[in-house]
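In what follows, a structure is listed as structure tokens, so that the remarks can point back to it.
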Amino acid sequence: MRKDKSGKGGTIINIASIYGYRVDQYVPVYQASKFAVMGFTKSLGNIENFNEFGVRVVAICPGFTETRLVVDPKTVIKDTKFKEFTKKQAWQTVEAVGIAAVEVFETAGSGTAWLIEGAKQIEQIL
Ligand SMILES: NC(=O)C1=CN([C@@H]2O[C@H](COP(=O)(O)OP(=O)(O)OC[C@H]3O[C@@H](n4cnc5c(N)ncnc54)[C@H](O)[C@@H]3O)[C@@H](O)[C@H]2O)C=CC1
Ligand SMILES: CCCCCC(=O)/C=C/[C@H]1C=CC(=O)[C@@H]1CCCCCCC(=O)O
């Protein structure tokens with residue numbers, strides 16, 4: 001993909017999460033991994049890299065989304081406080097995330113990150 005290696009350039013969309021920039025007491029290892037995705041996006045997508053390689057790197061940060069991750073019993077979290085917390089969140093469908101991700105693809109600059117939460121308008125957060 002890299003232009004300096006005979007590629008045509010392109011776009012990488014990293015999947016972070018609201019937990020890539022927002023912090024609470026739940027799932028700390030997961031939150032740490034999503035902060036890493038954000039740092040990776042910002043560094044790899046730095047304008048200097050973009051100018052040299054022609055590869056745009058962006059991150060999306062979905063909020064609570066109705067996927068198998070959250071309904072598969074094997075992944076159900078036993079922390080009852082977290083379960084109660086999740087019930088109060090602004091859930092969205094996978095389709096809403098897909099539509100928003102297309103908008104990110106069409107508009108985002110390299111090294112940026114975008115909140116996609118509660119099926120609302122996308123919002124740049126990095
Ligand atoms: N569901 C949610 O509320 C949110 C999810 N995310 C992120 O979205 C991404 C996708 O998650 P969901 O669609 O929710 O989960 P999911 O469980 O529905 O999908 C995850 C997919 O990853 C595949 N997978 C797992 N390990 C793999 C491996 N080693 N190599 C290749 N594929 C592998 C699984 O087979 C599955 O198809 C994850 O990075 C998750 O952290 C971010 C924010 C919110
Ligand atoms: C009671 C089941 C709770 C399942 C988690 C949930 O409701 C969804 C949370 C999502 C909101 C934003 C995210 O990025 C979330 C995924 C959280 C996955 C937690 C994985 C925990 C772990 O294995 O460390």
Side-chain angles (χ1 to χ4, degrees):
M1 199 191 300
R2 293 166 60 156
K3 284 186 173 165
D4 62 316
K5 293 199 172 177
S6 310
K8 293 181 178 168
T11 299
I12 296 170
I13 301 182
N14 290 324
I15 314 296
S17 162
I18 47 169
Y19 283 141
Y21 72 100
R22 202 180 285 171
V23 175
D24 59 33
Q25 71 270 46
Y26 306 115
V27 292
V29 174
Y30 181 82
Q31 293 193 24
S33 75
K34 293 303 186 182
F35 268 71
V37 173
M38 296 289 266
F40 181 62
T41 300
K42 199 166 179 181
S43 175
L44 189 63
N46 182 281
I47 192 68
E48 299 293 332
N49 287 336
F50 177 70
N51 289 340
E52 190 172 349
F53 309 128
V55 178
R56 182 176 59 141
V57 187
V58 301
I60 57 172
C61 300
F64 287 72
T65 307
E66 295 153 4
T67 69
R68 278 178 300 168
L69 177 67
V70 300
V71 296
D72 183 342
K74 281 181 287 194
T75 68
V76 168
I77 290 160
K78 295 192 172 55
D79 184 329
T80 48
K81 272 204 254 175
F82 186 48
K83 279 186 196 170
E84 288 308 308
F85 173 78
T86 64
K87 286 179 194 162
K88 296 176 199 148
Q89 301 310 304
W91 286 84
Q92 61 192 351
T93 61
V94 169
E95 288 73 18
V97 175
I99 290 165
V102 170
E103 194 180 345
V104 169
F105 177 80
E106 287 170 345
T107 58
S110 194
T112 61
W114 296 79
L115 174 64
I116 301 174
E117 188 174 29
K120 292 189 295 236
Q121 184 60 34
I122 59 170
E123 183 185 332
Q124 185 173 348
I125 47 104
L126 187 86

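Start at 1 and go down the list; that is how both ligands and their atoms are numbered. Side-chain atoms are counted along with the backbone in the values below, which use heavy atoms only and exclude waters and symmetry mates.
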Atom 14 (O) of ligand 1 touched by protein heavy atom at under 4.0 Å: yes
Anything under 3.5 Å between a donor and an acceptor, one on a side chain of residues 90-101, the other on a protein residue two or more places apart or in another chain? List them.
residue, atom, partner, partner atom, Å
Trp91, NE1, Thr86, O, 2.8
Gln92, OE1, Gly118, N, 3.1
Gln92, OE1, Ala119, N, 3.0
Gln92, NE2, Thr65, OG1, 3.2
Gln92, NE2, Ile116, O, 2.9
Thr93, OG1, Ala96, N, 3.1

Closest protein heavy atom to atom 8 (O) of ligand 1, given as residue, atom name and distance to 0.1 Å: Ile15 CG2, 3.4 Å
Closest to atom 18 (O) of ligand 1 (judged by heavy-atom distance), picking from Arg68, Lys34, Gln92: Arg68
contact_flag Tyr19 ligand 1 heavy-atom lt 4.0 Å: no
Shortest non-hydrogen separation from Asp24 to Gln31 and the atoms involved: OD1-NE2, 2.7 Å
Identity and distance of the protein heavy atom lying nearest atom 42 (C) of ligand 1: Ala16 O, 3.3 Å
Side-chain donor or acceptor of Lys3 paired with backbone N/O of Gly10 under 3.5 Å: no
Identity and distance of the protein heavy atom lying nearest atom 12 (P) of ligand 1: Thr67 OG1, 3.4 Å
Exercise check, heavy-atom protein proximity under 4.0 Å to atom 35 (O) of ligand 1: no
Parallel, tilted or perpendicular: rings of Tyr19 and Tyr30 (30°, 60°): perpendicular
Polar proximity ligand 2 side, Lys83 side, N/O cut 3.5 Å exclusive: no
Phe105 atom CZ: more than 12 heavy-atom contacts under 6.0 Å: no
Contact bool for atom 30 (N) of ligand 1 (protein heavy atom, d < 4.0 Å): no
Contact atoms of ligand 2, heavy-atom distance to Trp91 under 4.0 Å: 7 (O)
Heavy-atom protein contact below 4.0 Å for atom 22 (O) of ligand 1: no
Non-hydrogen atom of Phe85 closer than 4.0 Å to ligand 2: no
Protein contact of atom 44 (C) of ligand 1 - nearest heavy atom, named by residue and atom, plus distance: Gly63 O, 3.2 Å
Check against side-chain contact (heavy atoms from CB on, under 4.5 Å), Leu115 and Arg22: CA-CA 11 Å; Leu115 174 64; Arg22 202 180 285 171; 4.2 Å; yes
Parallel, tilted or perpendicular: ring planes of Tyr26 versus Phe82, cut at 30 and 60 degrees: tilted
Short side-chain to backbone donor-acceptor contact, Thr107 and Glu103, under 3.5 Å: yes
Contact check: Thr86 vs ligand 2, nitrogen or oxygen atoms, below 3.5 angstrom: no
Phe40 and Val57: CA distance, side-chain angles, deciding distance, side-chain contact (heavy atoms from CB on, under 4.5 Å) verdict: CA-CA 9 Å; Phe40 181 62; Val57 187; 5.8 Å; no
Ligand-side contact atoms (ligand 1) for residue partner Phe64, heavy atom cut-off under 4.0 Å: 3 (O)
Pairs involving residues 44-54, ordered by first then second residue, that meet side chain to side chain donor-acceptor pair (under 3.5 Å) (sequence neighbours left out): none
Any Cys61 heavy atom less than 4.0 Å to ligand 1: no
Top protein contact for atom 40 (C) of ligand 1, by heavy-atom distance: Tyr30 OH, 3.6 Å
Side-chain ion pair, Glu84 and Lys81, N-O less than 4.0 Å: no
Any Val27 heavy atom less than 4.0 Å from ligand 2: yes
Distance filter under 4.0 Å to Ser17 heavy atoms, resulting ligand 2 atoms: 12 (C), 13 (C), 14 (O)
Side chain, backbone, both or neither: Tyr26 near ligand 2, heavy atoms under 4.0 Å: neither
Closest to atom 5 (C) of ligand 1 (judged by heavy-atom distance), picking from Leu69, Ile116, Thr65: Leu69
Heavy atom of the protein closest to atom 43 (C) of ligand 1 (residue, atom name, distance): Pro62 O, 3.2 Å
Note, Met38 side chain near Ile125 side chain (heavy atom, < 4.5 Å): yes
Considering all heavy atoms, the nearest Met1-Val55 contact: SD-CG1, 3.8 Å
